[in-house]
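Let me begin by presenting the structure, written as structure tokens, before commenting on it.
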There are 2 protein chains.
Amino acid sequence: MSPRGKKLNEQMRSDAKAKITKAALEVFAEYGYHGATMEQIMKASGLSKGLVYHYFPSKEKIFFHLVDKALEISRNTWKEALDSPGTAWEKIEKLSENVAKIAFTDESSLYSLIMVQATTQGKSIPGLMEHIFQHLAFYNELPPLIIEAQKSGEAAPGDPQILFLAYVALIQGFVLFLLNDDETKKKITPEIFTKVLRNPGKPNG
Amino acid sequence: MSPRGKKLNEQMRSDAKAKITKAALEVFAEYGYHGATMEQIMKASGLSKGLVYHYFPSKEKIFFHLVDKALEISRNTWKEALDSPGTAWEKIEKLSENVAKIAFTDESSLYSLIMVQATTQGKSIPGLMEHIFQHLAFYNELPPLIIEAQKSGEAAPGDPQILFLAYVALIQGFVLFLLNDDETKKKITPEIFTKVLRNPGKPNG
DNA sequence: GTCTATACACTGATAGAC
DNA sequence: GTCTATCAGTGTATAGAC
């Protein structure tokens, strides 16, 4: 049916989509959802207006696509640690390792920024917050691990929900502050994140 | 000259300005700089289009005004702690107290959110980033205190700049996550913030 | 000839400004 | 209330592979 070979077509499709995605990531990260214009995304991608709209039906759908990719990166980073063998505390340490390794790479930083923007402006983008909450379910796996690690004395005592929030807040906060500071990014260690959960009464659990 | 008494006039001016500021704070916090419209701010303030433009020359100037107020709240919170008497570590503990007490009140939360938005979208608002950096100089007073507290063994060892960043990141991160969670806000204690700086080898410095 | 990628002028709506 | 600029989104047309 297809005049061009199917493979070639798919190649072109995914090439173009990847170009648009990359350009949109950069533009949205810099200007925010409302501040970014399709014009900017077209210029950044080097593609025409018609083509961009050929692949994505709307600005909103492009943003949703980026949010989905951000969630996927995050979920993979978490899942790989939380599904690893070992005690609850070992899993938490593994998670800190993964975060330190992945969250501050150039691409991940931009995706994290997309999530921050989604959080702060989500109310003005219909359906976005619901979409995010639905796909953030993997976060819920951490609090039970904290509770388990509290029982073994490795995690700090106190409200597990607050400890959990502190952990996530610290990661997001770092992303925000290190956007343009590559030198400091290199100094991020897993220990920084684990520290907010660790029980100081029992050093080095 | 003035048909109305001078005092009355000034009263009206500050009333109107306060109304606009309050409305703008809420609208910008919810929709972001670009997502917010002057229409929304006018409706939220209950004032006419003409009056709003009488008090502020542009949308941009309103946002700058909010950023300045946010910086002022932050500076006061920090200064009051860092200028207090006592050791370096005591000042840090006082700072955590102030932050826990002030940063999560309804008004401060919104101002913090304005700062987050300014950070993430600042590049698309001319002059904003420079403006913010100029007025964030008070942040620079914390790292020396950390270094001093490291010498006395109260602060954790390690790169003071990273510890400083972790402290600030944690505060900002909490603000971001607790926007719509008043129940959890109540549970925030100074200890959560101090913990990221404390030396676990010497509990309770 | 047919299908798909691509280009771009245009439209309608709405925002900021005054 | 009005003016003007600009945005998201569309309609139509061309190019080229098969």
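If you're wondering where the values come from, they're calculated on a predicted model, not measured in any experiment. Hydrogens, waters and symmetry mates are skipped; everything else that's a heavy atom, side chains included, is used. Here is the naming used below: chain letters follow the sequence lines, and residue numbers restart at 1 for every chain.
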Provide, to the nearest angstrom, the distance between the [atom1] atom belonging to [X] and the [atom2] atom belonging to [N].
X	N	atom1	atom2	answer
A:Gln40	D:dA8	CD	P	8 Å
A:Tyr55	C:dT6	OH	P	5 Å
A:Met42	D:dT10	CE	P	11 Å
A:Tyr33	D:dA8	OH	C1'	9 Å
B:Glu60	C:dA15	CD	C1'	15 Å
A:Leu51	D:dT14	CG	C1'	14 Å
B:Lys43	C:dG16	NZ	C1'	16 Å
B:Glu39	D:dT2	CD	C1'	13 Å

Cation over ring face, B:Lys187 and B:Phe104, 6.0 Å, 45°:
no
OP1, OP2 of [N] versus side-chain N and O of [X]: anything below 4.0 Å?
X	N	value
B:Tyr53	C:dA17	yes
B:Lys59	C:dG16	yes
A:His54	C:dT6	no

Of the candidates C:dT6, C:dC18, D:dA8, the side chain of B:Lys49 sits closest to C:dC18
ring-ring contact (aromatic ring centres under 6.0 Å, His included) with B:Phe63: of B:Phe28, B:Tyr31, B:Phe56, only one passes, and it is B:Phe28
Could you tell me whether B:His131 and B:Phe64 have their ring centroids closer than 6.0 angstrom?
yes
A:Thr105-A:Glu107 side chain donor-acceptor pair, cut-off 3.5 Å:
no
